[in-house]
Amino acid sequence: MGKISASILSADFMKLGDEIELAGSGGADYIHVDVMDGVFVPLISFGSFVTDRMVGRSRVPWDVHLMAVEPERHIDDFATDDTEYIVVHYEASRHLHRTLEYIRSLGKKNGVALNPATDPRVLDYVIGDIDQVLVMSVNPGFGGQKFIPSSLRKLSELRRMREESGAGYVINIDGGVYPGNAAGIFDAGADMVVSGSGIFAADDPVAALAEFREIAGGRAR
Ligand code: DX5
Ligand code: ZN
């Protein structure tokens with residue numbers, strides 16, 4: 001069964017609590033929390049003053065995506081009771097192995113996000129130390145962008161690498177994922193998909209989640 005992670009970047013921030021409750025009760029497996037620092041990506045989204053208020057509201061765990069330089073400086077702030085994954089960018093991590101270990105030392109699962117131009121083989125020497133690989137299928141920073149097709153090949157490559165190495169990471173993908181292209185994405189190798197506008201900008205977010213659920217059923221993990 002594939003998993004769905006609902007990105008609140010496209011939610012209505014004036015009713016964030018209701019939005020995350022809706023996503024959790026509507027069938028999302030995770031709330032995807034996009035933290036943007038205005039340096040790694042152009043804009044600032046929100047920080048822990050906001051996310052601390054969200055704790056306890058969603059009924060499903062969080063999948064935190066740190067789009068930040070020096071991500072190690074922010075990990076403690078997002079290791080909340082609701083956090084399952086903390087994902088850092090490969091391109092922003094000077095000491096990736098140490099950062100991955102640190103996240104695990106807090107009792108959380110770690111993750112590494114890869115920008116569209118990054119070769120997944122850069123993970124070779126940490127492959128056994130990763131809980132999630134997040135394939136960016138758009139350039140990070142904005143919701144509502146178009147899916148980059150070469151991401152499908154990256155999913156298959158990550159599957160192959162996992163089989164060959166015996167590693168246990170979950171393969172997740174973020175950007176431009178909608179009910180209309182999700183089947184092909186799961187078939188290419190994703191265990192989990194992130195969707196922001198595909199859920200929160202839909203006329204009926206609960207119906208969109210139901211569509212995702214239907215597509216994810218029987219696929220991947
Ligand atoms: C983009 C973010 C995504 C974003 C995806 O930088 O990391 O999580 O919310 O949005 P959609 O699903 O609209 O492409
Ligand atoms: Zn994201």
Side-chain angles (χ1 to χ4, degrees), residues 2-13 16 19-20 22-23 26-47 50-51 54 58 60-69 71 74-75 78 83-93 109-118 131-152 154-155 170-186 190-203 205 208-209 211-212 215-216:
K3 300 267 196 276
I4 318 293
S5 190
S7 167
I8 53 169
L9 196 61
S10 301
D12 180 347
F13 283 6
L16 196 49
E19 295 276 81
I20 63 178
L22 181 87
D29 298 289
Y30 292 94
I31 301 294
H32 183 83
V33 178
D34 283 304
V35 178
M36 301 180 173
D37 70 347
V39 181
F40 183 67
V41 291
L43 302 182
I44 296 171
S45 56
F46 44 74
V50 172
T51 53
M54 290 165 37
S58 60
V60 294
W62 300 354
D63 165 40
V64 178
H65 177 195
L66 290 181
M67 283 166 273
V69 298
H74 304 291
I75 287 161
F78 297 98
T83 306
E84 180 165 328
Y85 288 101
I86 299 181
V87 179
V88 299
H89 265 266
Y90 169 79
E91 302 82 6
S93 303
K109 294 179 183 165
N110 67 34
V112 184
L114 301 175
N115 276 343
T118 302
D131 299 311
Q132 180 194 133
V133 179
L134 180 63
V135 172
M136 291 309 299
S137 41
V138 297
N139 288 292
F142 305 93
Q145 301 180 82
K146 211 166 149 284
F147 185 87
I148 298 172
S150 62
S151 315
L152 295 175
K154 203 176 288 188
L155 293 174
V170 163
I171 303 171
N172 192 6
I173 183 160
D174 186 8
V177 180
Y178 293 86
N181 60 4
I185 290 168
F186 281 117
D191 304 304
M192 175 164 161
V193 299
V194 175
S195 182
S197 14
I199 296 168
F200 291 107
D203 292 338
L209 272 166
E211 262 190 272
F212 270 119
I215 296 159

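Computed from a predicted model, the values in this text were never measured in an experiment. Numbering of ligands and ligand atoms starts at 1, following listing order.
Not one N or O of Ser195 is nearer than 3.5 Å to an N or O of ligand 1, by distance alone. An N or O contact shorter than 3.5 Å links Ser7 to ligand 1 by distance. Taking distance alone, with nitrogen or oxygen atoms compared against 3.5 Å, Met136 stays at or beyond that limit from ligand 1. Considering backbone and side-chain N/O of Gly143, none are found under 3.5 Å from N/O of ligand 1. At under 3.5 Å, not a single nitrogen or oxygen of Val194, backbone or side chain, sits near a nitrogen or oxygen of ligand 1.
Residue-ligand proximity, His65 to ligand 1, at heavy-atom distances under 4.0 Å covers atoms 7 (O). Ligand-side atoms of ligand 1 in range of His32: 8 (O), range being under 4.0 angstrom from any heavy atom. Listed by number with element, the atoms of ligand 1 under 4.0 Å from a non-hydrogen atom of Met67 are 6 (O), 7 (O). In the vicinity of Gly141, heavy-atom distances shorter than 4.0 Å reach the ligand 1 atoms 1 (C), 6 (O). Taking a cut-off of under 4.0 Å to the non-hydrogen atoms of Gly175, the atoms of ligand 1 that pass are 14 (O).
Counting heavy atoms only, Asp174 comes closest to atom 7 (O) of ligand 1 of the residues Leu134, Asp174, Val41.
For the pair OD1 of Asp34 and OD2 of Asp174, the angle whose vertex sits at the Zn ion (ligand 2) is 170° to 10 degrees.
Side chains of Asp63 and His65: a donor-acceptor N/O pair is absent below 3.5 angstrom, by distance only.
Contact annotation: for Ser197 versus ligand 1, heavy atoms closer than 4.0 Å belong to both the backbone and the side chain.
For His32, the N/O/S atom at the shortest distance from the Zn ion (ligand 2) is named NE2. Per residue His65, closest N, O or S atom to the Zn ion (ligand 2): atom name ND1.
Looking at Tyr178 and Ser197, their side chains come closer than 4.5 Å, going by heavy atoms from C-beta outward.
The side chain to side chain contact (heavy atoms under 4.5 Å, CB included) test applied to Asp29 returns Lys3, Ile4, Arg213, not counting sequence neighbours.
Ring pair Phe13/Phe46 is perpendicular by interplanar angle, where above 60° counts as perpendicular and below 30° as parallel.
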